[in-house]
Amino acid sequence: MALIIKEKKIFVAGVTGSGKTYFTENHLLKGFKTPLVITPHEEDYTKAHKGVLVHHLKPYSTDNLNRFIKDYVEPLAKKGEIDAFFIDEADMIIPKSIQLLQMSYSKIYDMFINHRHWKKQNGLGLALGCITRRPQEMNTMFIEQSHHLFIFALEGKNVNQHLSAIHKDFDILLPKLDVDKHNFIHKQLGKAPAIHEPIKSERTIK
Ligand SMILES: Nc1ncnc2c1ncn2[C@@H]1O[C@H](COP(=O)(O)OP(=O)(O)O)[C@@H](O)[C@H]1O
Ligand SMILES: [Mg+2]
């Protein structure tokens, strides 16, 4: 599937084992030259392409993310050294409350609003990706404003309500997702969601 993802907001959700990391590593990250990924999992993103920068933010906290964006993400984007920033386990470090973000973690908030303007002159702005097991723990603002939603198998009643509020077709599509099959729903901003078969890697991973 060919996607327009440069400078965009991307949201990936699914329970453990549903295929979020595999999809991000084998598909999404290939759309960028030098994407930066933060994850608390040391074993993840070890097979990503050579341009991918992986950082194990420690501690994996909101405070630290706010500082990291100010000290690294924004300056690197403005120097043209990174073209995307992906946040794994995003619900762990991004507060659900917009008020809290604005008051105490303004750099995180600023990034959500302005990332596409963080670029070198005449260059492309920063794309932003959030990956989460618990989309119901994330503010709908992040989800609704994403240009691309990739929804893998999910669990929990609240989760269905959360997504059905974004588009009614999620009601019929969510039950078709299977954690072991790694199929997913793709929703583009302004369009209806559609189900997709699992992607196949271009490379064989042994
Ligand atoms: N499209 C796919 N084709 C083949 N194997 C897959 C696919 N998606 C995921 N897997 C495999 O399923 C397992 C769980 O996937 P993973 O991406 O780690 O899930 P998550 O990040 O959602 O916890 C991994 O062993 C992965 O290699
Ligand atoms: Mg994972």
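No experiment lies behind these values; they were computed from the predicted model shown. Excluded from the calculations below are hydrogen atoms, water molecules and symmetry mates; all remaining heavy atoms, backbone and side chain alike, are included. For ligands, and for the atoms within them, numbers begin at 1 and follow the listed sequence.
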>> Let's go through D83 and L124 carefully: what are the C-alpha distance in whole Å and the side-chain angles of both, what is the deciding distance for side-chain contact (heavy atoms from CB on, under 4.5 Å) to 0.1 Å, and is it a yes or a no?
In response: CA-CA 7 Å; D83 54 356; L124 277 173; over 6 Å; no
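- Of the protein's heavy atoms, none falls inside 4.0 Å of atom 24 (C) of ligand 1.
- Below 30°, between 30° and 60°, or above 60°: for F23 and F184 the angle between ring planes is between 30° and 60°, a tilted geometry.
- The contact set between ligand 1 and P198, taken as ligand atoms under 4.0 Å from a residue heavy atom, comprises 1 (N).
- At a heavy-atom cutoff of 4.0 Å, ligand 1 is contacted by the backbone of V15 but not by its side chain.
- Taking the six-membered ring for Trp and the full ring otherwise, the centers of H55 and Y72 sit at least 6.0 Å from each other.
- Note: an N/O pair closer than 3.5 Å links Y22 and ligand 1 by distance alone.
- For a distance threshold of 2.8 Å, the protein N, O or S atoms nearer than that to the Mg ion (ligand 2), listed by chain and number, are T21 OG1.
- Between G19 and ligand 1, at least one pair of N/O atoms sits closer than 3.5 Å.
- Annotation: atom 21 (O) of ligand 1 to nearest protein heavy atom, T21 OG1, 2.7 Å.
- A centroid separation of 6.0 Å or more is found between the aromatic rings of F142 and F11.
- Ring pair F150/H148 is parallel by interplanar angle, where below 30° counts as parallel and above 60° as perpendicular.
- Counting only heavy atoms, the protein gets under 4.0 Å from atom 19 (O) of ligand 1.
- Listed here is the closest heavy atom pair of T62 and I93: OG1-O, 2.9 Å.
- Other residues, nucleotides and ligands contribute at most 12 non-hydrogen atoms within 6.0 Å of the NZ atom of K70.
- Geometrically, ligand 1 and G17 share a nitrogen or oxygen pair separated by less than 3.5 Å.
- Atom 6 (C) of ligand 1 has as its closest protein heavy atom H182 CD2, 3.4 Å.
- Ligand-side atoms of ligand 1 in range of T16: 23 (O), range being under 4.0 angstrom from any heavy atom.
- For N183 (side chain) and H196 (main-chain N/O), no donor-acceptor pair under 3.5 Å exists by modelled atom type.
- Not counting sequence neighbours, H182 has no partner by the ring pair (Phe, Tyr, Trp, His ring centres under 6.0 Å) test.
- Under a cut-off of 6.0 angstrom, the local environment of NZ in K176 is sparse, with at most 12 non-hydrogen atoms contributed by other residues, nucleotides or ligands.
- Nearest protein heavy-atom contact of atom 1 (N) of ligand 1 is I199 O, 2.9 Å.
- Judged purely by distance below 3.5 Å, without hydrogens or angles, the side chains of E89 and H41 pair a donor atom with an acceptor atom.
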